[in-house]
Amino acid sequence: MLAIVGKPNVGKSTLLNALVGQKISITSRKAQTTRHRITGIRTVGEAQFVFVDTPGFQTRHGSALNRSLNKAVTSVLGDVDLVLFVVEAGSFALADAKVLSLLKPGIPALLVANKLDQVNRRGELAPWLRDMQQRHDFAEFVPMSAKNPKDVERLFGICGKYLPEQPWWYAEDELTDRSEKFLASEIVREKLFRLTGDELPYTSTVIIDKFGEEPSPKHGRMVKIAATIVVERDGHKAMVIGEGGERLKRIGTEARQELEKLMGAKVFLELWVKVRSGWADDEARVRSFGYE
């Protein structure tokens, strides 16, 4: 098992999706888009790679939600064969150092220098790399861009050397351990963040109220989903709904289209918006909303 760790927004979910070959972890420019442990599976020849994408480790606000996110990170780290420590190539901040300090001795770690395509002068990477080697005894250094298929293929070759010989955990065609219901809530949340930009606080979440499947002579498979978007304030509710309900409609349409592709089914999606102020600070509410 391989853990993908790093501070928020270094491209961990983009990397997981590239490694699995299909989108299973949502992405947006907003920090803290990933909130759960998400396992991605890719079987290549004789080898089965089980990647665990973790939330970005939170060093600010100690809310109940953030404590849950950080627990998801630390619980993974003692339990893997290899750690992919993802940083932006050429950069290292206090938030990166916090994550680095969590790495367990005895478990090999790769330094994955992501977003290499955004580095202007490659020559500047050499002193940065020497500095990184002094911070931690990394097994290998992998400069790459998660958006470059050749780089992703190369990463498989490197990771393969660290896998133990044991029976596969999953069937060859499995891509994730997460249910379609979970992926539905995630995709609605992704569209919510993408279409509201920075206006909406990250504490907004999505709860699936109903998820049912019925056979359909016309479509082969039909899935009906009812979901609630939970926000902190009335002003946020108005922002999500938009003028004349336009924004909510667009969130629903984009989520439905992506879910139809993902599930190979006709999807009916109903969305509601509710205000639950202070939920991210309430341990019981955080758990009832499906966080560990």
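If you read the sequence from its start, that first residue is 1, and numbering goes on from there.
The shortest side-chain heavy-atom distance between Met132 and Phe141 does not fall under the 4.5 Å cut-off. Side-chain contact between His136 and Leu103 is present, with at least one heavy-atom pair separated by less than 4.5 Å. Val275 places none of its side-chain heavy atoms less than 4.5 Å from the side chain of Glu232. Put simply, the side chain of Val112 does not reach to within 4.5 Å of the side chain of Ile4, judged on heavy atoms. Side-chain contact check for Val206 versus Thr228: every heavy-atom pair is 4.5 Å or farther apart. Counting heavy atoms from C-beta on, the side chains of Leu111 and Val142 never come closer than 4.5 Å. Side-chain atoms of Val87 and Trp128, non-hydrogen and from C-beta on, do get closer than 4.5 Å to each other. The closest side-chain heavy-atom distance from Leu19 to Phe49 is not below 4.5 Å.
Residues Phe156 and Leu175 share a hydrophobic cluster, clusters being chains of Ile/Leu/Val/Met/Phe/Trp/Tyr side chains in contact below 4.5 Å. Residues Leu155 and Val44 share a hydrophobic cluster, clusters being chains of Ile/Leu/Val/Met/Phe/Trp/Tyr side chains in contact below 4.5 Å. Taking hydrophobic clusters as Ile, Leu, Val, Met, Phe, Trp and Tyr residues chained together by side-chain heavy-atom distances below 4.5 Å, Ile225 does not share a cluster with Met222.
Taking all atoms of both residues into account, the shortest heavy-atom contact from Val267 to Arg256 is O-CD, 3.1 Å. The two residues Ala18 and Arg42 have their closest heavy-atom pair at O-NH1, 4.0 Å. Closest non-hydrogen pair, Pro108 versus Tyr162, comes out as CG-CD2, 3.9 Å. Nearest heavy-atom pair, Ala227 versus Asp209, reported as atom, atom and distance to 0.1 Å: C-OD2, 3.5 Å. The two atoms that bring Ser145 and Asp151 nearest to each other are N-OD2, 2.9 Å, heavy atoms only. Pairing each heavy atom of Gly11 with each of Lys115, the nearest pair is N-CE, 4.3 Å.
The aromatic rings of Phe138 and Phe85 lie parallel to each other, their planes meeting at an angle below 30°, with 60° marking the opposite boundary.
The closest donor-acceptor contact from the side chain of Asn114 to the backbone of Val10 lies under 3.5 Å. Counting only distance, with no hydrogens or angles, the side chain of Trp168 and the backbone of Glu46 share a donor-acceptor pair below 3.5 Å. The backbone N or O of Trp169 sits less than 3.5 Å from a side-chain atom of Gln48, completing a donor-acceptor pair. A distance-only check finds no donor-acceptor pair linking the side chain of Glu140 to the backbone of Ile158 [under 3.5 Å]. Using a distance-only test at 3.5 Å, with no hydrogens or angles considered, a donor-acceptor pair links the side chain of Thr176 to the main chain of Thr39. Panel note: side chain Arg247, backbone Leu195; a donor-acceptor pair is recorded below 3.5 Å.
For Lys161, the NZ atom counts as densely surrounded, since its 6.0 Å shell holds more than 12 non-hydrogen atoms of other residues, nucleotides or ligands. Residue-environment remark: CD (Glu243) stays at or below the threshold of 12 foreign heavy atoms within 6.0 Å. Within 6.0 Å of the CG atom in Asp131, the count of heavy atoms belonging to other residues, nucleotides or ligands exceeds 12.
Going from atom CD1 of Ile241 over to atom CD of Glu246 covers 12.5 Å, rounded to the nearest 0.5 Å. Distance CZ/Arg233 to NZ/Lys237: 15.5 Å, rounded to 0.5 Å. With rounding to the nearest 0.5 Å, the separation of CG in Leu259 from CD1 in Ile187 is 4.5 Å. Atom CD1 of Ile208 is separated from atom OG of Ser179 by 9.0 Å, given to the nearest 0.5 angstrom. A distance of 8.5 Å separates CD in Gln134 from CZ in Arg130, rounded to the nearest 0.5 Å. We find the CD-OG distance between Glu190 and Ser185 to be 11.5 Å, quoted to the nearest 0.5 Å.
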Practice prompt. Could you please spell out the steps behind the side-chain contact (heavy atoms from CB on, under 4.5 Å) verdict for Leu16 and Lys12?
Written response: CA-CA 6 Å; Leu16 176 73; Lys12 297 182 297 296; over 6 Å; no
Worksheet item: Is there a side-chain contact (heavy atoms from CB on, under 4.5 Å) between Leu2 and Leu163 once you walk through the steps?
Response: CA-CA 9 Å; Leu2 306 94; Leu163 296 184; 3.8 Å; yes
Practice prompt. Before giving the answer on side-chain contact (heavy atoms from CB on, under 4.5 Å), spell out for Val223 and Met263 the whole-Å C-alpha distance, their side-chain angles and the decisive distance to 0.1 Å.
Written response: CA-CA 9 Å; Val223 178; Met263 297 177 178; 4.3 Å; yes
Discussion item. The test is side-chain contact (heavy atoms from CB on, under 4.5 Å); show your working for Thr205 and Ile229 and say whether it passes.
Written reply: CA-CA 6 Å; Thr205 196; Ile229 294 170; over 6 Å; no
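Geometrically, Lys266 engages Phe268 in a cation-pi contact defined by less than 6.0 Å to the ring centre and at most 45° from the axis.
With respect to the salt-bridge test (charged N to carboxylate O, under 4.0 angstrom), the residues Glu270 and Lys224 do not qualify. Of the charged side-chain nitrogens involved, at least one lies within less than 4.0 Å of a carboxylate oxygen, so that Glu180 and Arg221 count as a salt-bridged pair. Checked for salt-bridge contact, Glu186 and Arg189 meet the test: a charged N lies under 4.0 Å from a carboxylate O. Of the charged side-chain nitrogens involved, at least one lies within less than 4.0 Å of a carboxylate oxygen, so that Arg250 and Glu254 count as a salt-bridged pair.
Side-chain polar atoms of Glu172 and Thr43 form no donor-acceptor pair below 3.5 angstrom.
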